[in-house]
Structure formats: structure tokens, C-alpha cells
Participant: 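A single structure is presented below for examination.
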Amino acid sequence: MDSNLRREIIVDNYQNPTNKKTIDDKEFITASTISDSCIDNITLFVKFKDNVIEDIYFDGEACAITTSATSIMIKKLIGKTIDEAEELMNNYYNMIDEKEYSEEELGELNAYNEIYKQPNRKKCAIFPFETLKKAIEKYKMHN
Amino acid sequence: MNREDFPMLKNDLIYFDNGATTLKPQCVINEITNYYENYSANAHRGDYDISRKVDELYEKTRDDVKEFINANKREEIIFTKGTTESMNMIIFGFMKNYLQKDDEVLITKTEHASNVLPWYTLEKEIGIKVKFIPLEDYEVTIDNVKKSINNKTKVISLAWVTNTIGDLRPIKEITKVAHDNNILMVVDGAQSVPHFKTDVLDTDIDFLAFSAHKMLGPTGVGVLYGKKDYLEQMLPLNYGGGMNSFFESDKSLEYKPLPYRLEAGTMNISGILGFRKALSYLNKIGMDKITNYEHELKDYLVKRLREIDNIEVYNENTKSGIVLFNIKNIFSEDTSQFLNHYHVCVRAGNHCAKMVKDELIIKNTCRISLYFYNTKEEIDKFINIMKGNKDIFKVII
């Protein structure tokens with residue numbers, strides 16, 4: 001990906017993130033992650049119905065990479081089934097870990113395809129996905 | 001000053017994270033190597049020359065620490081792994097037996113985790129109450145200390161200088177108030193002992209904890225100071241070699257006297273011997289000179305930061321080498337990554353004092369913590385980099 005386009009995607013999603021607000025609604029499952037380095041801190045609010053992710057919101061304080069990745073993840077995953085979401089996540093993790101992956105499926109998430117060059121930021125790029133995994137686990141436990 | 005003595009400074013690096021750990025002068029590094037190359041034996045064991053030499057140097061370090069903080073007796077100096085271990089020994093080795101259910105301990109919301117979590121744990125274990133002295137403009141005032149005390153208050157436990165705001169507490173005056181009310185005074189000296197002259201006799205504090213690695217010494221070495229009467233009552237957290245006089249199969253035993261009773265197992269000998277060199281190095285420069293120079297550097301840094309429109313500084317007036325700042329609307333970790341690109345080391349986050357957010361409103365900040373080897377030239381370079389912060393996303397993404 002061209003570096004200007006990459007920057008544009010990340011900065012745009014950082015400065016105007018998708019669905020950034022706290023949701024106080026019992027239909028939403030909440031999951032939080034606080035980073036080991038005690039900085040980033042986000043909470044996801046996820047609404048599932050019949051194994052489909054119907055809606056996601058998030059709130060918290062985090063760096064440009066974490067915030068933008070959360071925003072893009074939300075756009076990508078609303079309306080997907082849990083199976084589809086997990087497949088996309090695997091694909092994304094493969095990209096982050098420099099394994100084989102399908103570029104086509106990831107869309108804007110390709111903006112993080114060179115994050116391996118900054119090893120201390122890898123954790124930021126997977127932060128929202130680690131949090132979503134917790135929400136999915138909670139949903140599966142109760143259904 | 002003295003930059004030529006620090007091998008790390010030969011790298012292309014501006015090191016502004018001295019609150020986390022300091023760089024080491026060549027003499028400290030040499031002493032550690034010297035121990036491993038020339039007299040690598042255990043302490044307090046030896047019937048041979050090199051072991052005796054280790055004993056001598058080990059105990060000489062204890063004497064030097066005693067002098068450095070102006071303690072009364074050498075038995076009052078216990079070597080530990082660091083401030084955290086010293087605090088845990090004070091709280092679980094002494095306070096756990098000294099305090100009773102419903103007794104109150106006063107701390108603040110700007111303390112480091114090591115002066116919070118052991119107290120929280122003790123609260124759960126024996127039912128003491130941990131309470132917070134209200135802060136005014138982030139600082140502890142004598143008035144608020146007095147207002148927080150009641151007849152249940154038994155301990156006040158404070159950092160001398162906080163690692164977040166960098167505020168200097170009036171420890172001598174607080175100790176006087178504490179003692180007038182039969183309250184013990186515990187002091188976390190991790191951010192103070194490296195930066196100004198410490199006098200435990202003059203201030204009359206009861207316990208002090210600090211780390212060698214924040215004052216040019218090696219990692220894994222710390223000091224616990226306690227008044228002898230209290231250390232006599234302190235139970236060891238570790239039992240084993242080096243701390244007993246004898247033990248028999250009928251379970252009879254005797255522990256060694258202070259300070260050895262509280263130093264079980266083989267200590268970090270190379271580190272402790274290296275620490276001795278760090279102390280003599282600091283003494284040679286002079287602690288007052290270090291303090292004055294750091295204040296001058298901080299004033300200069302704050303003045304120059306004001307030149308940049310979109311920088312917020314949160315603790316302009318605190319008396320230490322610590323400066324907290326953010327670029328407006330930029331997350332602190334992004335700023336630290338931006339600076340890292342230019343080989344400037346600063347800390348981002350809440351600096352292990354997670355309750356600070358209750359006091360400071362801003363949760364996350366960048367922290368510069370200065371030491372005497374930092375220079376105005378480094379600050380100038382840093383300011384020039386910060387003036388280019390409009391391009392932050394071009395640099396970090």
C-alpha cells in the first residue's frame with residue numbers, strides 16, 4: 001500500500017473513529033483490554049444476534065494505531081457471522097505475523113501490513129481484535 | 001556534566017527517562033566486571049583471601065550507604081532487590097504485626113504502585129484501613145495531613161518526591177506532625193535519594209526505601225533503612241542461609257543479629273559492590289550541585305517548551321527534574337514513538353501510579369525525568385524536534 005494512502009486511512013480513522021461512544025444497554029456484551037505497558041485502554045460494546053455481530057461500539061483512550069484499527073475493525077465486522085469474523089481475524093493476524101494472507105479480504109486493514117517493521121506497535125494493531133475475542137467468548141459461553 | 005564517564009552517552013541518544021532508571025558510569029561497570037574477574041567469591045562465608053575481600057567491600061558499602069543518608073547505625077541499613085522489595089519488607093515484615101484491625105494508614109493517590117498495593121493487600125489480610133490525604137494542586141500540605149489524622153491513624157506512607165508529578169513533599173514537617181500523634185513515618189525515596197541530600201536523622205523518618213539503579217548503580221539492588229528498634233521487631237520475609245546462627249534437628253535455632261537476619265540467601269554481591277562506586281561517584285560531584293543543576297535544567301526545559309504553541313505542561317512548578325507534558329490532541333504513546341524516531345527516550349503512560357488520573361484529569365502523559373548528565377544542548381535538540389510535531393503522523397505511520 002502506498003504510504004500516503006496508509007497514513008490517510010489511519011489518521012482519518014484515528015481522528016474520526018467509527019462508533020466511538022459508551023453504550024449502556026444490556027443487549028450489548030462488554031469487553032475491555034488494558035495494555036501491559038499501562039497506556040492503551042479500550043472497551044468494546046458488541047451486540048450479537050443468532051451468531052451474527054449486529055453492532056459494535058467502543059470507548060477509551062488509545063494511540064493512533066489502536067484507535068484506527070478499532071474503528072476499521074468495527075466497520076469490517078458489523079453484519080458478519082462469528083465464523084466470518086474469526087476467519088477475517090485469522091487472516092489479519094497472518095498479515096501482522098508476516099505469514100501468508102489474503103489481501104483482498106482485509107480492505108482498509110491492509111494499512112497495517114508493514115507494522116512488523118515496528119515490533120513495539122504490533123500489540124497496538126491487534127489490540128481491538130484481542131478485545132473482540134473476549135466478547136465473542138463471552139457470547140459463546142452464554143449461548 | 002561528566003558526560004564522558006557514561007558509555008551509553010557515546011551512542012546517538014538523548015536519554016530523558018532517568019525516573020525509570022539511570023545510566024551507569026564506567027567506574028560502576030568496571031567494578032562489577034572486576035568482581036567477576038578477580039574476586040568472585042561469596043560474602044560472609046570465606047576462610048580465604050578473596051572471600052574476605054568480598055566481605056570487606058560488601059560491609060564497606062553498608063557503611064557508605066549509612067553515611068550517604070546520615071543514618072545512626074550500620075545495622076539500620078539492609079540490602080534488598082530494590083524499592084519494591086524494601087516497601088514489602090516494611091509492610092509485611094513489620095506493619096503486619098505492628099498494626100491491628102481498623103488502624104489507619106495514610107497515603108495519597110499519586111503514590112507509586114509499590115506504596116499502594118502492599119497496603120491494599122494488608123487491608124484485606126488484617127483489616128487495616130487505607131485512606132488518602134487530599135491533595136491541593138497535586139501537592140501534600142501540612143494542613144491536609146493534620147486534617148486527615150484521627151486517633152486510629154498509625155502510619156503515614158509517602159514518596160518524598162512522586163514519580164509522576166515530581167512534587168517534593170515537606171517530609172521533615174510531616175514527620176514531626178506524625179510523631180506528635182504517635183504515628184510512624186514511612187518514606188519511598190526512589191525518586192528523591194538520587195537527586196538531593198538525604199538525612200534520615202534530621203528528618204527523623206522511621207523507614208526509608210530506595211533503589212540503586214535510579215542513582216547510577218546496578219539493577220537488582222536496593223536499600224531498606226529503618227530505625228534499629230523497629231528493624232529488631234521486623235520479621236524476615238525470607239529464611240535460609242546467611243541469616244541464621246544455628247539450627248538443630250530438635251528445631252532449636254537462632255537467627256543472626258541485624259542486619260544479616262534480614263538478608264537471607266546470596267545477595268546481589270556484584271551489584272552491591274558496584275553500588276559502592278556509584279555512591280562515591282555521586283559524593284565526588286556533590287549532591288547539592290546535582291540538585292541545583294537539575295532545577296536549572298528543568299526551568300530551562302519548561303521555558304523552552306512554552307515556545308511551542310500546542311504543548312501542554314502539567315507540572316511547571318514542582319521542585320524536581322520531572323516534566324509532564326502532552327502535545328495537544330495527541331496520545332502520549334504516539335508522542336513517545338515520534339520522539340523515539342529521533343532517538344529521544346521519554347516515558348509515556350501513567351507511570352505506575354494509576355490513581356493519578358483521579359487527581360490530574362489527564363490520564364496519560366509524556367514524562368521527561370532529568371539527571372545531571374543531561375544538558376541544555378540536549379534540551380535544545382529536543383525542542384527543535386518538538387517544533388516539527390505537526391508532522392507527527394508522517395513520522396510514526
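In the text below, chain A, chain B and the rest are named by the order of the sequence lines, each starting its count at 1.
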Participant: Does atom NZ of B:K381 have more than 12 heavy-atom neighbours, drawn from other residues, nucleotides or ligands, at distances under 6.0 Å?
Facilitator: no
Participant: What part of A:Q118 gets within 4.5 angstrom of chain B, counting heavy atoms only: side chain, backbone, both, or neither?
Facilitator: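 For A:Q118, the contact with chain B is made by the side chain alone.
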Participant: Would you say the side chain of A:Q15 lies within less than 4.5 Å of the side chain of B:F393, judging by non-hydrogen atoms?
Facilitator: yes
Participant: Keeping B:D334 on the side-chain end and A:A64 on the backbone end, is there a donor-acceptor pair under 3.5 Å?
Facilitator: yes
Participant: Between B:E333 and A:K123, is there a salt bridge with N-O shorter than 4.0 Å?
Facilitator: yes
Participant: Is it the case that more than 12 heavy atoms not belonging to B:E125 sit under 6.0 Å from its CD atom?
Facilitator: yes
Participant: Atom CG of residue position B:N329 - does it have more than 12 heavy atoms of other residues, nucleotides or ligands inside 6.0 Å?
Facilitator: no
Participant: Once you round to the nearest 0.5 Å, how far does CG of B:N364 lie from CG of A:N41?
Facilitator: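 Rounded to the nearest 0.5 Å, the CG-CG separation comes to 8.0 Å.
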Participant: Is the number of heavy atoms from other residues, nucleotides or ligands within 6.0 Å of CD (A:E8) greater than 12?
Facilitator: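 No, the 6.0 Å shell around CD holds no more than 12 heavy atoms from other groups.
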Participant: Within a strict 4.5 Å, meaning less than it, do heavy atoms of the B:F331 and A:T66 side chains meet?
Facilitator: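 B:F331 does not reach A:T66 side chain to side chain.
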Participant: Would the number of heavy atoms belonging to other residues, nucleotides or ligands and lying under 6.0 Å from CD of A:E104 be above 12?
Facilitator: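 No, because the 6.0 Å sphere around CD of A:E104 holds 12 heavy atoms or fewer from other groups.
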Participant: Within this structure, what is the CZ-NZ distance for the pair A:R7 and B:K394, rounded to the nearest 0.5 Å?
Facilitator: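 Reported to 0.5 Å precision, the distance equals 6.5 Å.
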Participant: With a 4.5 angstrom heavy-atom cut-off, is it the side chain or the backbone of B:I396 that approaches chain A, or both, or neither?
Facilitator: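 Looking at B:I396, backbone and side chain both touch chain A.
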Participant: With a cut-off of 6.0 Å (strictly less than), are more than 12 heavy atoms of other residues, nucleotides or ligands near CD of A:E137?
Facilitator: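 No, because the 6.0 Å sphere around CD of A:E137 holds 12 heavy atoms or fewer from other groups.
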Participant: Taking every heavy-atom pair that is under 4.5 Å apart, which of A:N4, A:T67, A:I10 has the most such pairs with chain B?
Facilitator: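 Among A:N4, A:T67, A:I10, the one with the most close pairs to chain B is A:I10.
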Participant: Might you confirm whether atom NZ of B:K10 has over 12 heavy atoms from other residues, nucleotides or ligands at distances under 6.0 Å?
Facilitator: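 Enclosed.
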Participant: Taking atom CZ of A:R121 and atom CD1 of B:I397, what is their separation to the nearest 0.5 Å?
Facilitator: 8.0 Å
